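I have placed the structure first, in the form of structure tokens, so that the comments after it can refer back to it.
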Amino acid sequence: MRCLLLTLTFALPLLGYYALPTLANTEIINFAAGKPVPVAPLAGNWTVLHPGANEVIVRDRAAAPLGIPHNPLCDADNNGDDMLSFFERRRKLCPHDLWLALDLDGEDAAWANYDWFTLRVSWPASHSAQVALSMHRAPSLAPSESASSQQTARLHIVHIRLAQEGVRVPTAVEKEVEEVVPLVVLLEPLVLGVLPVSVIPVGWTLLVVLGVVACCVLPSVWGVVEEVVRRARGELALEEVRKRK
């Protein structure tokens, strides 16, 4: 029992640390990396997530108020060239939308052996907002004579849209207040295409706890069970003897 308590003393804080994100609302999208292709350089002030910096906190986006029609210019995700060329203009026209670049290779190629990735967007549960995610592959360049100088990468663009959720209540004085929703965006590879890299320590911790339980607790429980069975058998034997008399 002492070894179990010692293990839980170290395991519970670790599990609590990794369980903290569950206190927030979360939206997740999994996607395939695809093969590296020649890509155009990113124009404008892009925020790029890559192996060296796979997390960003965004504090300048507000959720679209209820009843406000969405700007159709913010939906032009299918045109990759437009997405790259007019990013800055669309950023100003779409205060409730966010576009991030995902460079799955980066400079150190730490994620080169991963084929599947997950993007997680979390925001405080105190904000009545909903988040919609859509993933798009960055447009590739056509092969040219200077192909050797072109950069090849597994580059994706994620479109994040924020909107208020709930039921709009008409009031005598209409007042639109747009509250900034802080977002935590995390990009990480999936081990075996299923398990995020960040939860591997939790998995190992659970295995250690289960191992300690199997070694320290189960023998004691099994001893108690055996004692109960032994007593029950003794009572049944005595009962049989009494019946024969």
Side-chain angles (χ1 to χ4, degrees), residues 26-61 70-123 131-162 183-200:
T26 303
E27 190 70 23
I28 298 174
I29 183 172
N30 298 334
F31 61 98
K35 296 182 179 180
V37 295
V39 293
L42 295 175
N45 186 22
W46 280 87
T47 298
V48 182
L49 297 181
H50 54 84
N54 65 325
E55 185 177 11
V56 64
I57 300 178
V58 181
R59 303 182 186 274
D60 62 348
R61 299 288 97 175
H70 193 70
N71 190 338
L73 292 178
C74 303
D75 296 325
D77 286 339
N78 293 329
N79 188 343
D81 294 330
D82 178 78
M83 186 189 308
L84 296 177
S85 302
F86 301 100
F87 168 74
E88 289 296 335
R89 181 171 63 88
R90 292 175 64 188
R91 183 182 178 90
K92 296 177 181 179
L93 291 175
C94 309
H96 315 297
D97 296 72
L98 176 67
W99 288 267
L100 300 176
L102 312 177
D103 185 358
L104 305 182
D105 296 311
E107 298 181 358
D108 54 1
W111 293 347
N113 295 326
Y114 295 99
D115 297 324
W116 284 87
F117 291 80
T118 183
L119 184 81
R120 183 170 72 239
V121 180
S122 304
W123 65 101
V131 172
L133 304 178
S134 58
M135 191 69 61
H136 309 274
R137 190 70 190 263
S140 58
L141 296 176
S144 63
E145 296 180 357
S146 59
S148 59
S149 62
Q150 292 179 350
Q151 178 185 3
T152 59
R154 297 180 298 173
L155 186 63
H156 293 254
I157 306 296
V158 60
H159 179 188
I160 304 173
R161 175 180 297 172
L162 290 85
L183 301 175
V184 178
V185 185
L186 176 65
L187 171 68
E188 57 183 341
L190 294 173
V191 179
L192 302 177
V194 177
L195 188 65
V197 172
S198 62
V199 304
I200 291 181

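Since this is a predicted model, take the numbers as computed values, not measurements.
- The structure places CZ of R120 at 5.0 Å from OG of S198, a figure rounded to the nearest 0.5 Å.
- Taking every heavy atom of both residues into account, Y114 and L190 meet most closely at CD2-O, 3.7 Å.
- With respect to L119, the side-chain contact (heavy atoms from CB on, under 4.5 Å) criterion is satisfied by exactly one of L49, N54, L186, L100: L49.
- The minimum heavy-atom distance linking L187 with W111 is given by the pair O-CH2, 3.6 Å.
- Note: I29 CD1 to T118 OG1 = 8.5 Å, rounded to the nearest 0.5 Å.
- Closest non-hydrogen pair, G193 versus W116, comes out as CA-CB, 3.9 Å.
- Here I28 contributes atom CD1 and S122 contributes atom OG; the two are 7.5 Å apart, rounded to the nearest 0.5 Å.
- Rounding to the nearest 0.5 Å places CZ of R59 at 10.0 Å from CG of L183.
- Between T47 and V185, every side-chain heavy-atom pair lies at or beyond the 4.5 Å cut-off.
- Not a single donor-acceptor pair under 3.5 Å links the side chain of E27 to the backbone N or O of L133.
- A side-chain contact (heavy atoms from CB on, under 4.5 Å) with W123 is found for one member of V131, V58, T26 and no other, namely V131.
- In plain terms, the two heavy atoms of L155 and A101 that are nearest each other are CD1-CB, 4.3 Å.
- A donor-acceptor pair under 3.5 Å is formed between the side chain of H156 and the backbone N or O of A33.
- Rounded to the nearest 0.5 Å, atoms OG (S134) and CZ (R161) are 7.5 Å apart.
- Between R154 and P36, the closest heavy-atom pair is CG-N, 3.7 Å.
- One distance of note links CZ of F31 with CG of D115; it measures 12.0 Å at 0.5 Å rounding.
- Judged by distance alone, the side chain of R61 and the main-chain N or O of D97 form a donor-acceptor pair under 3.5 Å.
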